[in-house]
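Let me begin by presenting the structure, written as structure tokens, before commenting on it.
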Amino acid sequence: QVQLVESGGGLVQAGGSLRLSCAASGRTFSNYAMGWFRQAPGKEREFVAAISRRGSSTTYADSVKGRFTISRDNAKNTVYLQMNSLTPEDTAVYYCAANFLASITTTPVGYDYWGQGTQVTVSS
């Protein structure tokens, strides 16, 4: 079992930045590829970014490429999502997820564990 706890969400003006963190506990963190997803009201959960177990590979949704950066610190059991140049369209609940002994996956069904989510609201 892996427990994931997101933090760092909040209210920010358009053009601003936030950094989300996801702290993991319970199992060897480096055994898990990690992903960030988001879900806006009335919409399906969508992929944002993912990072490989050692952090050597990353992938992003086209909508956030060049603005968001995913990273991880295996010594701290934490994955981050740096979000810059935020727009109101980025408003959503952001979730981190863990995928055991897997390569990068962009679909929610591929992940084994999920956090409870953190709200990000971008005002215009």
Side-chain angles (χ1 to χ4, degrees):
Q1 190 80 3
V2 172
Q3 293 78 42
L4 303 173
V5 179
E6 302 97 334
S7 61
L11 174 64
V12 64
Q13 288 188 333
S17 299
L18 283 174
R19 188 175 84 151
L20 305 183
S21 299
C22 173
S25 62
R27 291 287 177 93
T28 304
F29 183 63
S30 59
N31 282 342
Y32 293 83
M34 300 296 296
W36 285 97
F37 292 78
R38 65 187 182 186
Q39 189 166 16
K43 295 187 177 181
E44 293 187 354
R45 191 167 298 190
E46 66 172 356
F47 170 74
V48 176
I51 189 166
S52 61
R53 285 176 279 160
R54 287 182 172 81
S56 56
S57 297
T58 58
T59 191
Y60 298 90
D62 288 342
S63 59
V64 306
K65 203 171 293 184
R67 300 187 300 123
F68 291 11
T69 302
I70 188 171
S71 62
R72 67 188 296 162
D73 185 338
N74 285 349
K76 295 183 178 179
N77 291 352
T78 302
V79 62
Y80 305 97
L81 186 68
Q82 177 67 44
M83 305 186 296
N84 299 328
S85 302
L86 286 161
T87 73
E89 288 68 37
D90 295 315
T91 295
V93 177
Y94 283 71
Y95 299 90
C96 72
N99 193 354
F100 181 63
L101 289 181
S103 57
I104 291 177
T105 304
T106 61
T107 57
V109 71
Y111 285 81
D112 303 297
Y113 302 101
W114 292 82
Q116 83 289 348
T118 186
Q119 176 70 47
V120 171
T121 304
V122 184
S123 63
S124 57

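Residues: numbered from 1 along the sequence shown.
Between the side chain of T105 and the backbone N or O of T107 there is no donor-acceptor pair closer than 3.5 Å. Between the side chain of N31 and the backbone N or O of F100, no donor-acceptor pair lies under 3.5 Å. Between the S85 side chain and the G15 main chain, no donor and acceptor come within less than 3.5 Å of each other.
Residues E46 and E44 have side chains not in contact (no heavy-atom distance under 4.5 Å, counting atoms from C-beta outward). I70 has its side chain within reach of V79: a pair of non-hydrogen atoms, C-beta onward, lies under 4.5 Å apart. Between V12 and T121, the closest side-chain pair of non-hydrogen atoms is not below 4.5 Å. E6 is not listed as a side-chain neighbour of S21, based on a closest heavy-atom distance of 4.5 Å or more. Residues L20 and V120 have side chains in contact (heavy-atom distance under 4.5 Å, counting atoms from C-beta outward). Looking at heavy atoms from C-beta onward, L86 lies in side-chain contact with L18 at the 4.5 angstrom threshold. By the 4.5 Å heavy-atom criterion applied to side chains, Q119 and L11 are not counted as neighbours. Between T69 and L81, every side-chain heavy-atom pair lies at or beyond the 4.5 Å cut-off.
To the nearest 0.5 Å, the span separating SG on C96 from CZ on R72 amounts to 11.0 Å. Atom CD of residue Q13 and atom OG1 of residue T87 lie 13.5 Å apart, to the nearest 0.5 angstrom.
Shortest non-hydrogen contact noted between N77 and F29 is OD1-CB, 3.3 Å. Minimum interatomic distance between S63 and R38 (heavy atoms only, all atoms of both residues): OG-NH2, 3.5 Å. Nearest heavy-atom pair, P108 versus R45, reported as atom, atom and distance to 0.1 Å: CG-O, 4.4 Å. Nearest heavy-atom pair across A14 and S124 is CB-CA, 4.3 Å. When all heavy atoms are compared, the tightest approach of V5 to Q116 is CA-OE1, 3.8 Å. Nearest heavy-atom pair, L4 versus A24, reported as atom, atom and distance to 0.1 Å: CD2-CB, 3.6 Å.
Between T78 and D73, the side chains place no donor N or O within less than 3.5 Å of an acceptor N or O (distance only, hydrogens not considered). Using modelled atom types and a 3.5 Å distance limit, the side chains of S30 and N74 yield no donor-acceptor pair.
Residues M34 and V64 fall within the same hydrophobic cluster, defined by Ile, Leu, Val, Met, Phe, Trp and Tyr side chains chained together at heavy-atom separations under 4.5 Å. Linking ILVMFWY residues whenever their side-chain heavy atoms come closer than 4.5 Å, directly or via other members, leaves I104 and V48 in distinct clusters. Tracing side-chain contacts under 4.5 Å through hydrophobic residues (I, L, V, M, F, W, Y), one reaches V2 starting from W36; they form part of the same cluster. The same ILVMFWY cluster, assembled from side-chain heavy atoms under 4.5 Å apart, contains both M83 and I51. Linking Ile, Leu, Val, Met, Phe, Trp and Tyr residues whenever their side-chain heavy atoms come within less than 4.5 Å leaves L101 and Y111 in two separate clusters.
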Where do Q82 and S71 land on the side chain to side chain contact (heavy atoms under 4.5 Å, CB included) test, with the steps shown first? CA-CA 8 Å; Q82 177 67 44; S71 62; over 6 Å; no
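The ring pair (Phe, Tyr, Trp, His ring centres under 6.0 Å) analysis of residues 61-96, with sequence neighbours excluded, yields no pairs.
For the ring pair (Phe, Tyr, Trp, His ring centres under 6.0 Å) test, no residue two or more places apart in sequence or in another chain qualifies with Y60.
More than 12 heavy atoms of other shown residues, nucleotides or ligands fall within 6.0 angstrom of atom NZ in K65.
Between Y32 and Y113, the ring planes lie perpendicular to each other; the angle is over 60°, past the 30° to 60° tilted range.
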